[in-house]
Amino acid sequence: MENYVYIALFAPLAGSLFAALFSQRPKALVTGVVTSTLLFISFVASVILLNHVHHEGAVHVTLMDWISAGDMSIPFGFNIDQVTAVMMTVVTLVSTVVHVYSNGYMDHDKSFNRFFSYLSAFVFSMMVLVMSDNFLGLFIGWEGVGVCSWLLIGFWYHKADVTRDVNPSISPSWAANEAFIMNRIADLGMLVGIFLIYWNIGSLQYADVFAAVPSMNHGMLVTIGIFLFIGAMGKSAQFPLHTWLADAMEGPTPVSALIHAATMVTAGVYLVIRANPLYSAIPEVSYFIAVLGTFVAIFAASMALVNRDLKRIIAYSTLSQLGYMFAAAGLGAYWVALFHLAAHAFFKALLFLGAGNVMHAMDDELDIFKMGGLKKAMRWTYLYMGLASLALAGIWPLAGFFSKDTILEAAFNEHTYGIWLVLWFTAGLTAFYSFRQVFLTFAGDERYKPLGFHPHEVQKYVLWALSPLAILAVIFGWFKEPFMEFVTQFLPAYEMSEHTEHNVVILTVVTTAIALGGIIFAWMRYYKGLKRDEKVEQSLPYRILLNQYYIPILYERVFSKPYAALSKVFWEDVDQQVVDATVDGIASVIQESGDSSRKIQTGNLSDYLKLMSGGALVLVALVLFAAMQN
Amino acid sequence: MITLNHYLILSGLLFAIGLVGVVRRKNLLMLFFATEIMLNAANLAFAATSSYYHDLTGQMFAFFIIAVAASEVAVGLGLLILLYKKYGSINLDDFTIMKG
Amino acid sequence: MLAPISVNLASLNFITLSPMLIAIAGALGILIIDLVKKDLDKTLYVILTILVLFVDMGATLGLTLNERGFFNVVMIDGVTILGELLILIASMLFIPLALTSKRFHEYSYPEYFALFLFMIAGFQFMVASDNLIMIFVGLETASLALYTMIALHNTVGSHEAAIKYFTMGALAAGFFVMGSAVIYAVTGSVELYDIAKVLQERMGEPGMMVPIIGGAMMLIVAIGFKVSLFPFHTWTPDVYEGAAAPMAGYMSIVPKIAMMIVAIRVLGMYIDLGVETVRNVVIAMAVITMTLSNMMALVQDDVKRMLAYSSISHAGFVMAAIALDTTKANSSIFLYYTLFLFTNLGAFTLLWISRHKDKTHHARYHHPYVKFAGMIHIEPVAAVIMAIFMLSLTGVPPFSLFWGKMYVISATVDAGYIWLAIIMGLNSAIAAYYYLKLIVYMFLMPAASKARTVYNNRSLALEIVIGIAVFATVASIFYVQPLMHYITYLIGASGY
Amino acid sequence: MITFAFYLFAVLITGLFLVTVMSKNVLYAMTSLAAGMVLISGLFFILGADFLGVVQLIVYVGAVMAVYAFAMMFFDLSRDVEERHDKPWLIFLLGGGIALTLVVMFAAPIMGEAVHALYPPVAGATNPQAVGLVLFTKYLLPFEVASVMLLVAMIAGIILAGKKMEISLSAMDEDILPDTKENA
């Protein structure tokens, strides 16, 4: 089994290195094919491991004693338990599809090879993140995905900055930096958490750490839990660190699908699930996580209601769904969170890749107000996106129905009716904005015609490549029971109380009703075509939502601008005169000491001999003093 | 009565003289003379110690030092001839391109 | 009439000599081939040399641990075996560098290859003995061959380099023999195990500490010269600059490791005896060495000269560990030098590939920083490889030298020298600046002039060497642990 | 008698070597060096190291000095050599310092009870015989290595001073290189 672990882990790395070899060369199809194939191999290995874990239990591999300095010893190993196996399978499956898809999507990009190198490197980092058996390995993978994400968001770094009115994300490189900085802030928290763990427990192995949790001081556990969650908030774009995710849509669409929907952003959820013994021990923090998740769910959904940008809508919906996952995890229903994570990965990736098809057809136009009636030209994409939206909206019998419904049940079960109510209402919003988007894009009048677009369906093999996701988006929910049995071998089981069981039918009906209600409302308003209502669009709530609650602008005002102003003050007064002078001073001292010690090296042999003899004299003369001491 | 210390002190003085030569000479040939003096000083110390301890090891070392000195002369003079043929000088002040 | 002495051949334990004998036989073979048939292609000699080195390595691996041979002159312990292996590995990587696509003077001599093998035999004798006479003769054999090989490059720089190295070497040899004479005068022996015994007894005698430590100091001058410790380091940058790039890379490894082994034996003996002065002096010199050479490396304009200062700094780093004299410190030295070997030889090989006959970018230097400006656009693969080497030298994980640095620093901490570990760390931080400077030149500067920077000295042989070096640098994470295990076993087995 | 001989030799050797390192004339320097070495061999004879004395005479005074003499002729150094000295005091500080420390060091009671002769001369043998016995048993290996070293030195001397060094393949442009086979 060990070999499969290594295959699953290193196949993406091999692909990345292979593609990197060609990075400066013009497009070579071979890079796409090879990386996709290696990813597929990794996927197969993951499935084999999943099966193995299912029947035989967890696999543990120690690669080597990684760091053993002094008393510190951190073995570098991988642990494939139920959670990891699920994550690995989801990650490699979505990645494989995205790789194949990218072959078509990036067809005309001159940095084709570089793209695949980054993409595979990302998958490798993600695998390290999920497979590691200790926090340090997790952190390395965590940083790795951060770097890859930065590279990929900024993939089209040559695009110039524009104002926020034209493009809310300003530019790919701006968005990349924003994502990186936000994540950096959060990672700092995470690093503090890891340090605290090491400080208190003396080990970073999950097994040791979680075994030590019951015997630890509660206050310390809370501190560690909070710091780790700060890390999770950054990666999973939770409020208030959420702004980067929507802006990250500047990256190529396959990237959005892979990183900013299916995998990387779920790392935070994964961390909370992974650290479930810790979070179970600190219910107050867990409750906060659930509340925050609930808030993000509705907060993001509300912004998606009015947005006109195809990808941003999906991005907000991702945010919203991440909120659901955190809500579930925070309520202690870890397996439900994982279940929603997997289901969401499938239909959200499908949705994004469908959006990519639309973008392709529309020459990178993203404004859904300029689309409409695309279903004629893009029948398959319409089908895929429709399916994915149904799944997202939570319509029976698609995947989203089962996962979201279970989260709602869990909220009900915990008697946190407030959370339940908000999540329930959000389900309606979700259905509405999903179908608003679908209908505005595919149904109604063909608004793109006057604008001179000539949409066409994408290549056949790309559509075929999407089919696994479509199938899973439909059927994944049917495996809820086996899935639960499988992962609860490792995760704590979550049982619904009698009371909930009793009401489950009512709950289901109520949830489905609001989802259907959302869809019907969208259908009524948008199926026939776009009827813009000036009054609504000018209304304050609408503008607030459209401007993302003015949070990015707020950040700019509260943080960036004063920071810039402060920086200016610091720069002019403090920095230039004090810090700069100090730093320059140190630099020039070093430089000068380099320059002056350079004088030793006169080039004249005689001086060298003198120096050498002088050194010898000092050494021997030293003896006299040393001997006097004895 | 001449003791081992007498010989060793003489050897130390000769070594110092050799060292003066090494740091003072600019002419490489004459600099090599000075290194010979240093090796000879060591030879003397070895021979004297050997004699006073009735132990032959010192003479062995001195013997090998002579062999090394002879070899060094061969290589050193080879280098000097090369330099002289190329640059017409064996003054080490003339070889200071590389510095800093 | 004296009675004839009969010596039992078996007691000579000839097998302990086999590595050196193979090298010498190989050298003689090359000389004979040259006598029989002139004007053979250098490729033949390169292959022959590698073959000899392989057989030599086989013989080395076949040695039994902790044996003595030839009237106890030869001593095979773990350190000997490690030293010989390192010497052979570095040599095997070095000699294919002769197969450049351009012609260079030294490789037109078959004698060059013979001298090379003689030199290896000399170094092997040096590390395989605890007899000062044997060490001295081995050292001189190797050094004389080395001076000649440097001069044979036959450029203005190499002549100057050879004469500087030779003259300072002669002075160092003077100190070595004088130090040995003092030790002999004090102990009546030139064999370390015997010296240790007598010193143990004599340390208590009044007034004896002066000659006891004095002898050690004089040996430190000779050791410091060879491993280039301040203030005996001055030859290093000049000689590296003047010598051919592969030779410079080779000199940064093999002579140093050979002398470090002598240092482990000699200085380790003093430190074991409790002569703290020796330890303090070595630590002080090591600290000054790494700091000063780092400062000097910062202001260099030439990459080769920068690497020369950097290798002085690395040597200082390692010498500090030698002064600790713990098993862990001694093991970490060998780990460090094994990793350093690949990275540094790789970096110098890249310089070698970029070598032009004339000085294209600078009046004095062959490899100024500007020559590498914008290398990423011209030779992206080479630029990335060079960057990997630089990052490794900086000590960035997961590249090889990170592990070396970590083990050395952790050995320092374990030995209780926290302040020394901090200085080591600070120095590594300063060092990052000049390594990154090259990366900045390669990746961020616009290309100077494309036509003149084509790396046309490349050939398959050089690429293979670089490939091996890159592999060893990148894949270190997978072999560091077993390697360290093996090294610790050998060091521990021989009681260091 | 021996005391007198020692002091005489000591003074003479010191004086001669001082001439060697101070004289401006190469010929004087070399002659005094040779004379000093002859006198050192005299000390060797006093010390009973006859064989070493003979070797000193033959190798140093005979071979090495002859080579130096040839070299001197080659370099045409019959004139006084010009040497620039910036800081003469530094030189004497260094020399004086080393001399002082060495004298202090060697003034210590070096001879000790703890020292035992490991390779004493065989009873009844003359010095050359005794030396031979040790040299060809215990020190046979260094002896052989020394022969290798001399071979290295010989090769080095020959090729460094050889004709082939007159042109440099390392500095000349590739297309104007003479087409030597071994470099192809």
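These numbers were taken from a predicted model, which means no experiment stands behind them. Naming: A, B, ... by sequence-line order, numbering from 1 per chain.
Contacts of C/Ser143 with chain B are absent, with no heavy-atom separation under 4.5 Å from either backbone or side chain. When heavy atoms are compared at a cutoff of 4.5 Å, C/Met218 approaches chain B solely by way of its side chain, counted from C-beta outward. Using a 4.5 Å cut-off between heavy atoms, B/Tyr87 contacts chain C through its side chain alone, with no backbone atom that close. Within the 4.5 angstrom heavy-atom criterion, only side-chain atoms of C/Glu140, from C-beta onward, approach chain B. Contacts between C/Glu191 and chain B at a heavy-atom distance below 4.5 Å are absent for every atom of the residue. B/Leu8 touches chain C through its side chain: at least one heavy atom from C-beta onward sits under 4.5 Å away, while N, CA, C and O do not. The part of C/Asn154 that comes within reach of chain B is its side chain, from C-beta onward, which places non-hydrogen atoms under 4.5 angstrom from that chain. With a threshold of 4.5 angstrom between heavy atoms, C/Val299 does not approach chain B through any atom at all.
Looking at heavy atoms from C-beta onward, C/Ile163 lies in side-chain contact with B/Leu80 at the 4.5 angstrom threshold. Inter-residue side-chain proximity for B/Ser11 and C/Met178 is flagged as met; some heavy-atom pair is nearer than 4.5 Å. No side-chain heavy atom of B/Leu92 sits less than 4.5 Å from a side-chain heavy atom of C/Lys164. For the pair C/Val177 and B/Leu39, the minimum side-chain heavy-atom distance is below 4.5 Å.
Atoms CG and OG1, from C/Asp194 and B/Thr57 in turn, are 9.0 Å apart once rounded to the nearest 0.5 Å. The line from CD of B/Glu72 to OG1 of C/Thr167 is 10.0 Å long, rounded to the nearest 0.5 Å. Here the straight-line distance linking atom CD of C/Glu241 with atom NZ of B/Lys99 works out to 11.0 Å at 0.5 Å rounding.
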Original post:
Hey, mind stepping through B/Lys86 and C/His159 against side-chain contact (heavy atoms from CB on, under 4.5 Å) and telling me if it holds?
Top reply: CA-CA 9 Å; B/Lys86 292 260 176 189; C/His159 298 148; 3.8 Å; yes

**OP:** Go through the steps for B/Val23 and C/Leu171 under the test side-chain contact (heavy atoms from CB on, under 4.5 Å), then give the verdict.
**Re:** CA-CA 10 Å; B/Val23 296; C/Leu171 181 59; 5.9 Å; no

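B/Asp55 and C/Gly188 get closest at one heavy-atom pair: OD2-O, 3.8 Å. Nearest heavy-atom pair across B/Ala42 and C/Ala181 is O-CB, 4.3 Å. Heavy atoms only, all atoms of each residue included: B/Ser71 and C/Leu144 are closest at CB-CD1, 3.4 Å.
In this pair, B/Phe61 and C/Phe136 present their aromatic rings tilted. The plane angle is within the 30 to 60° band.
Most heavy-atom pairs under 4.5 Å with chain C, from the set B/Thr35, B/Asn43, B/Leu83: that is B/Leu83. Comparing B/Ile37, B/Thr96, B/Leu28 by heavy-atom pairs within less than 4.5 Å of chain C, the highest count is held by B/Thr96. Top candidate by heavy-atom pairs under 4.5 Å with chain B, chosen from C/Thr148, C/Thr141, C/Val156, is C/Val156. Counting heavy-atom pairs under 4.5 Å between each of B/Gly78, B/Ala67, B/Gly76 and chain C puts B/Gly76 at the top.
Ring centroids of C/Tyr184 and B/Phe46 are separated by less than 6.0 Å, placing the two rings close together.
Of the possible donor and acceptor atoms, one in the side chain of C/Glu160 sits under 3.5 Å from a partner among the backbone N and O of B/Ile97. Checking side-chain atoms of B/Tyr53 against main-chain N and O of C/Ala185 turns up a donor-acceptor pair under 3.5 Å.
Exactly one of C/Asp238, C/Asp302, C/Val239 qualifies for a side chain to side chain contact (heavy atoms under 4.5 Å, CB included) with B/Met98. That residue is C/Asp238.
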